[in-house]
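Here is the structure we will look at.
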Amino acid sequence: MINITLPDNSVKQFEPGVSALDIAKSISEGLARNVLAAKVNGEVWDATRPINEDVNLQLLTWNDKEGKATMWHSSAHLMAEAIESLYPGAKFGIGPDIENGFYYDIDLGDRVISDSDFKKIEDKMREFAKSKQKFCRKDISKQDALKYFEEKGDEYKLELIQDLEDGQITFYESGEFTDLCRGPHVVDTSIIKAIKILSVAGAYWRGDENRKQLTRVYGITFPKKKELDEYLERLEEAKKRDHRKLGKELELFTFSQKVGQGLPLWLPKGAALRERLETFLKKVQKTAGYQQVISPHIGNVELYKTSGHYQKYGEDSFRPITTPVEGEEYFLKPMNCPHHCEMYNHKPHSYKDLPIRLAEFGTVYRYEQSGELHGLTRVRSFTQDDAHIFCTPDQIKDEFKGVIDIIMYIFKALNFNEFITQISLRDPENPEKYIGSDENWKKAEDAIKEVAEEKGLDAIIEYGEAAFYGPKMDFMVKDALGRKWQLGTIQVDYNLPERFKLTYIGADNEKHRPVMIHRAPFGSMERFVAVLIEHCAGNFPLWLTPDQAIILPISEKYQNYAEKVLNLLDNSDIRAAIDDRSEKTGRKIRDAELKKIPFMLVVGEKEAAEGTVSVRRHGQGDLGTYSIDDFANMINSEINKMLEK
RNA sequence: GCCGAUGUAGCUCAGUUGGUAGAGCAGCUGAUUUGUAAUCAGCCGGUCGGCGGUUCGAGUCCGUUCAUCGGCUCCA
């Protein structure tokens, strides 16, 4: 007999060779029906795989992340089987489960799959699912595995098998489909009840741009139709938060084909909102010892030859600007650092001057590939809330701390509670890839890790993700559809100080090389505003929102009073407007609600007589009558609370 | 840049097998003077993304190009 320890620490005894499914059955039939896989000593197994020794066992169902992953992975096989039967001779790359569903990369030869083919694939999958195909795991020798796919003529699987070790290779069979796969899988296909093919896209084999592009088909499945419907509904809801849609509806920004792709036009409301963000950050930075600077939008080619950007990116950039002078070339600036380096260089510096923190809302231009452009999150012209800190190696830690404080304060003021912190360090295997001394790198990397710890950041450490010029820390936030975008960034740079020959005179009266820290808490104004819109679904924090209140006179008779209220609010720095259309109050309220204006102030006979306003809050309804002072105080105290450090 | 899809009025969309465009909202004008999510009426508005082709005739078919969307690759 073997001992099976369950998650509640209870121990049950079974004959060797028992499967997780058998154990589930011994608990209840209902549980057995829902088991998708099992975690055996921490490793996810097929529920049917025999267990031959004492183990810790956790049964996995749809409620477990690994359970979902198992079902989606099995669904990928099911989809491949369906596609193979509909498109004979199709060759298969890889077909993993992903965060929401699964995909399979397929070489269809000359054939294409488009949206209109989804239904027949779904139908075929449903047909196979119903037939209760069992997933059978089979150990196979490398030689036999190669032989199988040679006969099938699938060069992708052959390539994958070449990289595997003999003795470690398994096949899974379900119905007519056999796949190279390490598993695990669900017991049989009948658990897959609701099926949706979501989209099709091109994807390079092994992620390599120079290799063949396969057809990637995305899908998702659920054990119940209701769950699929809910998922699709959630997707629809998420699309309503899309910053491109809201940006248009709220008249924040627009694009014009005539102006050019990826070149955002900030409309009055959007520009005002952005300016408030900039003013807010400028104020914070002033307190933190930054100095604002301004540099031009173009720079001589020599600047970028010095910085090294010309050699590396010259060809993929906007083309140089030529002048009447033969051979003279300028570039639109793709970053602000070289300009700031030259500012540092305008005079000699003492160690007593450091750290020097130069900040600029600097607009930069980068020729992103056309397929990369995406609303405000990926554009060709954007404004970085940039700053460069020139300091000694020993000051890195304190400077990092200071920047993190700024970023955390910003995130708090904007209700960003969920973000991902990533620390990117050297690849320990290839230290020669990086510029700067080993000693300095170690100092900086340790400083970053320590600061993250001290600040209580739950940071992910990625080795090998550092730039060649220094380690960095990035802050990422997800958009409405779960796509990750990098916002804030803090990067150490040993390269540019070298290239620009930056120096300071130390206490020893010798010249030393300062370290440069690039940092941008927002990242770029464009991307930040985009993510912010999706985050709050257009309901901006009160201090930031375009119109904080709208005054709704009941009729023309109260227009004068409405103007008086507007004036008084203006005196209290509250942004308000009057809806003086000859519409019914219900209509004005409806329109104000749709415009997501936080406060609606209804004024009529009673309010005019008493000098009050009748307050309605967006999404909440009537709050009752307030004196104008009380209302102004309410708004301002709410704002002050949000902006508390 | 690559794969797939989409492009009709400011916005959201309709437009049967090819017979030179239609709705709602927005806008304008007028009436209405209104109390917590849409008052009524009239009017204006489109070289159907651009260019080329097939056809007696193209929003509808074909080619090409531009832009957008979903991915891939990229992101100093």
Side-chain angles (χ1 to χ4, degrees), chain A residues 98 103 105 108 112-118 198-218 235 239 242 244-245 248-249 251 254-258 260-262 304 307-314 316-317 333-338 364 366-375 377-380 382 384 467-469 481 483 485-486 489 491 493 495-496 518 524 527 552-559 580-595 600-607 614-624:
Chain A
I98 50 177
Y103 67 78
D105 283 348
L108 294 157
V112 291
I113 288 182
S114 74
D115 308 18
S116 51
D117 302 312
F118 291 177
L198 294 169
S199 63
V200 59
Y204 301 106
W205 171 235
R206 304 209 123 178
D208 184 343
E209 194 173 10
N210 299 311
R211 302 194 66 176
K212 186 164 171 144
Q213 190 163 49
L214 308 181
T215 302
R216 177 169 295 179
V217 183
Y218 288 87
L235 267 187
K239 282 185 192 155
D242 191 311
R244 292 164 297 193
K245 181 176 148 60
K248 193 185 267 178
E249 285 172 8
E251 299 185 343
T254 188
F255 288 90
S256 146
Q257 247 188 78
K258 274 212 184 89
Q261 25 167 199
Y304 300 106
S307 71
H309 293 117
Y310 180 80
Q311 294 85 324
K312 206 165 174 202
Y313 298 102
D316 306 321
S317 218
K333 70 173 169 185
M335 73 284 296
N336 305 298
C337 353
V364 297
R366 298 179 184 179
Y367 192 80
E368 304 289 359
Q369 296 186 62
S370 64
E372 288 312 322
L373 301 171
H374 182 102
T377 47
R378 195 79 184 271
V379 287
R380 284 179 173 167
F382 58 97
Q384 297 179 310
F468 74 93
Y469 51 77
L481 288 174
R483 291 174 290 220
W485 293 100
Q486 184 197 305
T489 181
Q491 307 185 4
D493 188 343
N495 181 43
L496 288 182
H518 310 254
S524 85
R527 183 177 288 178
L552 312 179
I554 295 291
S555 83
E556 238 166 49
K557 282 184 258 173
Y558 311 105
Q559 177 67 18
D580 58 5
R581 294 174 303 167
S582 78
E583 293 285 351
K584 292 186 173 175
T585 306
R587 175 55 183 272
K588 293 184 182 182
I589 284 174
R590 181 186 150 80
D591 289 346
E593 289 279 354
L594 291 176
K595 283 197 225 154
M600 287 147 271
L601 308 177
V602 179
V603 295
E605 189 174 358
K606 183 169 142 261
E607 290 79 7
S614 185
V615 181
R616 179 190 165 101
R617 180 137 205 186
H618 170 73
Q620 289 179 19
D622 201 345
L623 299 186

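Labels below follow one simple rule: chain letters A, B, ... track the order of the sequence lines, proteins then strands, and each chain is numbered from 1. Source: prediction; values computed, not measured. Note that these values count all heavy atoms, side chains included, but never hydrogens, waters or copies made by symmetry.
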Report, one pair per line, the protein and nucleotides 3-10 of chain B atoms (nitrogen or oxygen only) whose separation is under 3.5 Å.
unit_1	atom_1	unit_2	atom_2	d
B/C3	O4'	A/Q213	OE1	2.7
B/C3	O2	A/G202	N	2.9

Atom pairs, N/O to N/O, protein against nucleotides 26-31 of chain B, distance under 3.5 Å?
unit_1	atom_1	unit_2	atom_2	d
B/A26	OP1	A/R587	NH2	2.1

Give every pair of a protein N or O atom and an N or O atom of nucleotides 60-65 of chain B that lie under 3.5 Å apart, one pair per line with the distance.
none

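Across all strands shown, A/G621 has no heavy atoms under 4.0 Å from either base or sugar-phosphate atoms.
Residues forming a side chain to side chain contact (heavy atoms under 4.5 Å, CB included) with A/R483 (at least two apart in sequence, or on another chain): A/R244, A/H374, A/D479, A/L481, A/W485. Residues passing the side chain to side chain contact (heavy atoms under 4.5 Å, CB included) test with A/T489 are A/D474, A/Q486, A/Q491, A/A520, sequence neighbours excluded.
Residue side chain A/R211 does not reach the base of B/C2 through any donor-acceptor N/O pair under 3.5 Å, judged by distance alone.
The same atom, C1', is picked in B/A21 and in B/A9; the two are 11 Å apart, to the nearest Å. B/G15 sits 8 Å from B/G59 when the C1' atoms are compared, rounded to a whole Å.
The side chain of A/H374 places an N or O atom within less than 4.0 Å of a non-bridging phosphate oxygen (OP1 or OP2) of B/G70. The phosphate of B/G71 (OP1 or OP2) has a side-chain N or O of A/R483 nearer than 4.0 angstrom.
Nearest to the side-chain atoms of A/I554 among the listed nucleotides B/G1, B/G70, B/U34 stands B/U34. For A/S555, whose side chain is taken as the heavy atoms from C-beta onward, the closest listed nucleotide among B/G70, B/U73, B/U33 is B/U33.
For RNA chain B, if you chain together Watson-Crick or G-U pairs that step i with j, i+1 with j-1 and so on, the runs of at least three with distances under 3.5 Å are B:1-7 with B:66-72, B:10-13 with B:22-25, B:27-31 with B:39-43, B:49-53 with B:61-65.
With rounding to the nearest 0.5 Å, the separation of CZ in A/R216 from OG in A/S199 is 10.0 Å.
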